[in-house]
Amino acid sequence: MIEKKQNRILDEFDRLYPDAKCELHYTTPLELLIAVLLSAQTTDASVNKVTPELFKKYHSASDYRDANQEDIEQLIRRIGLYRNKARSIKKMAAMLCEKYDGEVPQSINELITLPGVGRKTASVVVGEAFYVPSVPVDTHVERVSKRLGFAKNEDSVLTVEKKLKRTLPRERWNKLHHQFIFFGRYFCKAQSPRCKECQLVDLCKEKNKKL
DNA sequence: ATCCCGAGGG
DNA sequence: CCCTCTGGAT
C-alpha cells in the first residue's frame, strides 16, 4: 500500500475518532478477559448488559471455577453461545488457578493456552490491560482492512494481522485497533457503509457495491 | 435475513 | 478448509 494513502486513512481515523477506546465495561484484567470472551458473535453493548450481574456475583478466578455452570449460563444467556461460553469460563478459571495462581497471564502465548481464549481475545487483553502493542483482528478490523486495501479479501485473519503490523506504526497499534473498530462499527458498517459521506471512498475496494 | 470485538473441533 | 454454537438488534 502506498504510504500516502495509508497516512490519509490514519489522519481520517484521527479526525473521526480521536478518543476511540475499548467499549467493554470492566475494572480488572480478569473482568476484561471474561468480557472479551463473552463478546464473541455479539455486540459490546450486549455484553455490557450482562456483565454487571456476573461481576457482582463472582470476583476471583476461584469464584468462577467453583461456580455452578448453569448459574453462569442463566446470567449470560441473552448474548448467545451461552453454553460454550459458560463452560469456557469455568475451565479457563480452573486453569488460571492451577497454573497462574489465579492471575491473568500477560503474554499472548500464555493466554491462548486458556480454554475459550483464542488469538483475538488474547491480543485484546494484552493490549488493553497490559499495554503490549497488539493488533487484534475482529470482524470490524478484518472488514475495514479489506475494504481500505490493507489486506486482500482472501486473506485469513492471521494474514490481515501480519499485514497491519507490517504497515502501521507500532506505537499507534493499540489506538488504531480501536479506531478501526469504531470506523467499522459506526461508519463503515457491514450492511450499510456510508459511502456517500465517506472521505475515503476513492481508495475503497467496494465503493458503489453497497449504497 | 444478516450481523455482532470468535473459538474449537473435524 | 469447513461446521457448529446462539440470542438479540437492525
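Every chain is numbered from 1, with letters handed out A, B, ... down the list of sequences.
- Atom-to-atom distance recorded for A/Tyr64:OH and A/Ile34:CD1 is 3.5 Å, nearest 0.5 angstrom.
- Taking the P atoms as reference points, C/dT6 lies 16 Å from B/dG10, given to the whole Å.
- In this structure, A/Leu37 places its CG atom 15 Å from P of B/dC5, rounding to the nearest Å.
- Rounded to whole Å, the separation between the C1' atoms of B/dC5 and C/dC1 comes to 24 Å.
- Distances shown here put every side-chain N or O of A/Thr43 at or beyond 4.0 Å from the OP1 or OP2 atom of C/dA9.
- Under 4.0 Å is where a charged nitrogen must lie from a carboxylate oxygen, and between A/Asp44 and A/Arg185 at least one such pair does.
- Spacing between B/dG8 and C/dG8 at atom C1', rounded to whole Å, works out to 24 Å.
- A salt bridge links A/Glu161 with A/Arg119; the closest basic N to acidic carboxylate O contact falls under 4.0 Å.
- In this structure, A/Arg143 reaches the sugar-phosphate backbone alone: every heavy-atom distance under 4.0 Å involves primed, P, OP1 or OP2 atoms, never a base.
- Across the protein-nucleic acid pair, A/Asp138 atom CG and B/dG6 atom P stand 6 Å apart, rounded to whole Å.
- When heavy atoms are screened at a 4.0 angstrom cut-off, A/Val36 is found touching no nucleic acid atom at all.
- Using a 4.0 Å cut-off between a side-chain N of Lys or Arg and a carboxylate O of Asp or Glu, A/Glu73 and A/Arg87 do not qualify as a salt bridge.
- A salt bridge links A/Asp202 with A/Arg8: at least one charged nitrogen is closer than 4.0 Å to a carboxylate oxygen.
- Residue contacts for A/Leu114: at a heavy-atom cut-off of 4.0 Å it reaches the sugar-phosphate backbone alone, with no base atom in range.
- Ion pairing between A/Arg15 and A/Glu12 holds under the 4.0 Å rule for side-chain N and carboxylate O.
- Closest to the side chain of A/Thr42, out of B/dG6, B/dC5, C/dG7, is C/dG7.
- The CG atom of A/Asp44 sits 5 Å away from the P atom of B/dC5 (whole-angstrom rounding).
- Separating the NZ atom of A/Lys85 from the C1' atom of B/dC4 is a distance of 9 Å, rounded to the nearest angstrom.
- Position along DNA chain B of the nearest nucleotide to A/Ala40 versus A/Lys91 favours A/Ala40 as the more 5'-ward residue.
- Within the nucleic acid shown, A/Ser88 has no heavy atom closer than 4.0 Å to any nucleic acid atom.
- Atom CG of A/Asn84 is separated from atom P of C/dC3 by 17 Å (rounded to the nearest Å).
- Picking from B/dC5, C/dT6, B/dG6 the nucleotide with the shortest atom distance to the side chain of A/Arg83 gives C/dT6.
- Between A/Glu73 atom CD and C/dT6 atom P the separation is 8 Å, expressed in whole Å.
- Separating the CD atom of A/Glu142 from the P atom of B/dC4 is a distance of 10 Å, rounded to the nearest angstrom.
- The phosphate of B/dG6 has neither OP1 nor OP2 within less than 4.0 Å of any side-chain N or O from A/Arg119.
- Closest to the A/Cys22 side chain, of the nucleotides B/dC5, C/dT6, B/dC4, is B/dC5.
- Among the heavy atoms of the strands lying under 4.0 Å from A/Arg77 are primed sugar atoms or P, OP1, OP2 only; no base atom is included.
- Computed from coordinates, the A/Glu161 CD to B/dC5 C1' distance equals 14 Å when rounded to whole Å.
- Counting any heavy atom pair closer than 4.0 Å across all strands shown, A/Val137 reaches no nucleic acid atom.
- Residue contacts for A/Gly118: at a heavy-atom cut-off of 4.0 Å it reaches the sugar-phosphate backbone alone, with no base atom in range.
- With B/dC5, B/dG6, B/dC3 as the choices, the nucleotide that has an atom nearest any side-chain atom of A/His140 turns out to be B/dC5.
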